[in-house]
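Okay, structure first, notes after.
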Amino acid sequence: QIQLVESGGGLVQPGGSLRLSCAVSGPSLSMYRLAWFRQAPGKERMFLAGIRWSDGTTSYAFSVKGRFIISGDYARKVVNLELKNMKAEETAVYYCVASNLKVTVISPPNWANWGKGTQVTVPE
């Protein structure tokens, strides 16, 4: 069973930056894809970025491409998400997720393993 523990959330000012981290543990991790989602109040969970640990291939949602950067350190079993130029509407709980998918998909039900999330707040 894959376990995911997020950290690094908090308060960030509009236009500011934040770095989220996800500690990953479990068997056969090299077979997994990792990703970050977020869920804003009253909204559905939204895919942000994904990475394939086997070769570092990344993918991004159009709305965050160029502002968010996903990276993975397989030796340390950590996946990071750097958030830049943050906006108030991006206040949400940010989740680290994992699954042994063959391709990165944006639909939440396809991701079998979820962390508890970390709150990111961007004031108006």
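These numbers come from the heavy atoms of this one structure, side chains and all, not from hydrogens, waters or symmetry mates. Residue numbers count from 1 along this sequence.
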Open item on the list: For residues 35-77, which residue pairs pass the disulfide (SG to SG under 2.5 Å) check, not counting sequence neighbours?
Closed with: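 For residues 35-77, and leaving out neighbouring residues, there are no disulfide (SG to SG under 2.5 Å) pairs at all.
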
Open item on the list: Does the structure place the NZ or CZ of K65 under 6.0 Å from the centre of the six-membered ring of F68, at an angle of no more than 45° from the ring's axis?
Closed with: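 Ring-cation test returns no.
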
Open item on the list: Is the terminal nitrogen or CZ of R33 (NZ for Lys, CZ for Arg) located under 6.0 angstrom from the six-membered ring centre of W111 and within 45° of that ring's axis?
Closed with: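 No, a cation-pi geometry is absent between R33 and W111.
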
Is there a path of hydrophobic side-chain contacts, each under 4.5 Å between heavy atoms, that joins [X] and [Y]?
X	Y	answer
I106	L101	yes
V64	V120	yes
I51	V24	yes
L29	I70	yes
M46	L4	yes

TODO: Report the distance from atom OH of Y74 to atom CH2 of W53, rounding to the nearest 0.5 Å.
DONE: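 One gets 7.0 Å once the value is rounded to the nearest 0.5 Å.
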
Open item on the list: How long is the straight-line distance from CZ of R52 back to OH of Y32, given to the nearest 0.5 Å?
Closed with: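 If I round to the nearest 0.5 Å, the distance is 16.0 Å.
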
Task: Centroid separation W36 to F47 less than 6.0 Å - done: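 Between F47 and W36, which both carry aromatic rings, the centre distance is not below 6.0 Å.
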
Listing, residues 5-20 side-chain donor-acceptor contacts under 3.5 Å, not counting sequence neighbours, or none:
from, atom 1, to, atom 2, distance (Å)
E6, OE1, K116, N, 3.2
E6, OE1, G117, N, 2.9
E6, OE2, C96, N, 2.8
E6, OE2, G117, N, 3.2

Task: Short N-O contact, R38 and E44, less than 4.0 angstrom - done: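 Looking at E44 together with R38, the answer is no, because their closest N to O distance does not fall below 4.0 Å.
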
Tell me the closest heavy-atom pair linking [X] and [Y], and the distance in Å.
X	Y	answer
S30	S54	O-CB, 4.1 Å
I2	P27	CD1-O, 3.7 Å
K43	Q39	O-NE2, 3.1 Å

Result block: side-chain N/O donor-acceptor pairs under 3.5 angstrom for residues 78-89, not counting sequence neighbours:
from, atom 1, to, atom 2, distance (Å)
N80, OD1, S21, OG, 2.7

Task: Test side-chain hydrogen bond (donor to acceptor under 3.5 Å, both in side chains) applied to N113 and Q3, step by step - done: CA-CA 7 Å; N113 304 278; Q3 294 185 334; over 6 Å; no

TODO: Would you mind reporting whether R45 and W114 have side-chain heavy atoms less than 4.5 Å apart?
DONE: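 Sidechains of R45 and W114: in contact.
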
